[in-house]
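Data block below; observations after.
These figures come from a predicted structure and were not determined experimentally. Below, read A as the first sequence line, B as the second, and so on, with proteins coming before strands; counting in each chain starts at 1.
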Amino acid sequence: MAMIITATDFGFEGPYLGQMKAVLLREAPGVPVLDLIADLPAFEVRAAAHLLAAAIHDLPQDAVVLGVVDPGVGTERGACVVQADGRWFVGPDNGLFDVLAARADRLAWWNLDWRPERLSNSFHGRDLFAPVAARIARGEPVPGTPVDPAGRLDPAAGADWPAVVYADRFGNLMTGLRAAFVPREAVVRAGGVELHYARTFGAVPVGAAFWYENALGLVELAVHRGSARARLGLAVGDPVEVLPEQASR
Amino acid sequence: MAMIITATDFGFEGPYLGQMKAVLLREAPGVPVLDLIADLPAFEVRAAAHLLAAAIHDLPQDAVVLGVVDPGVGTERGACVVQADGRWFVGPDNGLFDVLAARADRLAWWNLDWRPERLSNSFHGRDLFAPVAARIARGEPVPGTPVDPAGRLDPAAGADWPAVVYADRFGNLMTGLRAAFVPREAVVRAGGVELHYARTFGAVPVGAAFWYENALGLVELAVHRGSARARLGLAVGDPVEVLPEQASR
Amino acid sequence: MAMIITATDFGFEGPYLGQMKAVLLREAPGVPVLDLIADLPAFEVRAAAHLLAAAIHDLPQDAVVLGVVDPGVGTERGACVVQADGRWFVGPDNGLFDVLAARADRLAWWNLDWRPERLSNSFHGRDLFAPVAARIARGEPVPGTPVDPAGRLDPAAGADWPAVVYADRFGNLMTGLRAAFVPREAVVRAGGVELHYARTFGAVPVGAAFWYENALGLVELAVHRGSARARLGLAVGDPVEVLPEQASR
């Protein structure tokens, strides 16, 4: 059965996520709604796109993802529906879905030109994207115009991005690099520090900085029982560098 | 189908919201439970009442709202059930529902005099209000005594309140003013600053302060990619002023 | 009907809780999932164990609790399934379930030796414990080896612990002491301050420090409209002392 999954930058604070989910429950009764992430980087759409592409692997193949990082809400930015390897994505047409779309084997794309009767200037997640996600979850046709993804999508959008894409509350730094493509002997240079690979936190001394393959499959910079964010002085969007040859210690 | 909606000041931290929802799932199996908001202003019941009245518009007509901002828990404050324009509200009788009740076309009111066998001194949300909300969601009669709302409710409680009622995590400030009653040419004075209307964030330069109609229909004070809270130096409960004549720039 | 309940130290931030719940929804469709708590003390397994033992009382008797505080993930720590007074617990075998197990009347214990095809080094909550919790919720046998709890569990683990086990966002400090075993005339000494019993917040003046029986049944240190954490200067794991004789005021 279908499932609707939210991936937003709203935070859990305030009535925003709740109001959007109230629309989902009303328009698609009986369909489970899961909050995948509510703190996608606000204003940093590229970082959010890389994080989202890595975070969807465990989702069911028929999931409908309501993805909202929308700094341009109320301006003339477009809206879209994307189907990538079976899963649906509904949200602003601002690049949020470009990374996962460029990596998909099967891809379809619609301009979302339907508009609801009441559309606020600042909350299209509730007023536009949630009703459309509910329709798709109910099995109805996409209320939009099919377009050729080839004319819409830069094929290079799927390439890995050597930059910080997320900082968790412990100060671990996820990057836009997929660990499967980074040799274990590679050194990652970030914030002036050279980090070597370790399997996980317990494999290094307390206080040591290292990189590892995190549970999303991304290269993550970490300090055992410490904060890589504080140690390296990096924020979302800041660059990192992979040194292909092993540095001398 | 009925739906139970939580609106509290518990935060998502700790076991509080989870314990309350465990009661709902046990007592009303199969009824969806939605968290509308978990950071209603603690201790600021009037602000919470204005925010709640604005936040319920998208809720289904038969929703049962479990509303808990309860600084007087464990003292002699009463408990109530309110039905306003079809929707149910269960919680402390401390003014939290007065704004939405005073604005309702159809209104019924009960003193909630039922008490559970086990009633903690500090968590009536779990022990008293959740079981009652579950009963109502199951279609059972209200376990309370009907009272005449006219003798209970100050009719002026529904009036707009020129004050800050919520600060979101970006520092935007919601007020208790409904934007439908504020002319677009009006100037809002707050924290010594005069703010003019703009349609949305993208309509003003980065760093500019303005007011706009937010997605709840309230006048909200904002700074494009900045914090109105920091700029204006205001907190929940602080007054704002609407200048009916357009100020000279 | 069964219900799966999460109790973790993940926080609501990031994709962690969402990814784990996606597995639950996929592997146990139709089974309600409730987040009981997401901020169990990270790295402080003993404190988490006392808090969890106190927080489960309202859970249905057939609940499946997915409990994850797992600082040793990726090392050689074991994994276990525990059934205590009917309820199931799935998670790391690091002491997290020892307090509730030692207090149970009926107890069964399994070493969880099943491993999934894909097991990340850092997220056994998603890859190992969630699939097992889903199996148990579906009524399938535990994929593990039964062991005698007597050889596994220190019977003293169930004893109360005179220490701070949780600080909430208001600065109230929960302890590992069950209030039912502490006489009301007892004085609690913590951070150099002697606290007397009060029924609840409203029973003492604003600014007064006191102890009370919280809604989990634990001794909690509080300051009326203030922060006991700031007043007493204590953190999770710090000791408190019960003075059996009433101190002179």
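If you take CD1 on B/Ile5 and NZ on A/Lys21, they are separated by 11.5 Å, rounding to the nearest 0.5 Å. For the atom pair OG (A/Ser122) and CD (B/Glu213), the distance works out to 8.5 Å, reported to the nearest 0.5 Å. One distance of note links CG of B/Asn214 with OH of A/Tyr16; it measures 6.5 Å at 0.5 Å rounding.
Counting all heavy atoms, side chain and backbone alike, B/Leu34 lies closest to A/Leu25 at CB-CD1, 3.8 Å. The shortest heavy-atom contact between A/Ala22 and B/Leu59 is CB-CD2, 4.0 Å.
No donor-acceptor pair closer than 3.5 Å links the side chain of B/Asp39 to the backbone N or O of A/Glu13.
Considering only heavy atoms from C-beta on, A/Gln19 comes within 4.5 Å of B/Leu216 through its side chain.
Chain A is approached within less than 4.5 Å, heavy atom to heavy atom, by B/Asp168, B/Arg169, B/Phe170, B/Met174 from residues 168-183 of chain B, ordered by number.
Looking at B/Phe12, only its side chain comes within 4.5 Å of chain A, counting heavy atoms on both sides. Of the two parts of A/Arg77, neither the backbone nor the side chain holds a non-hydrogen atom closer than 4.5 Å to a non-hydrogen atom of chain B.
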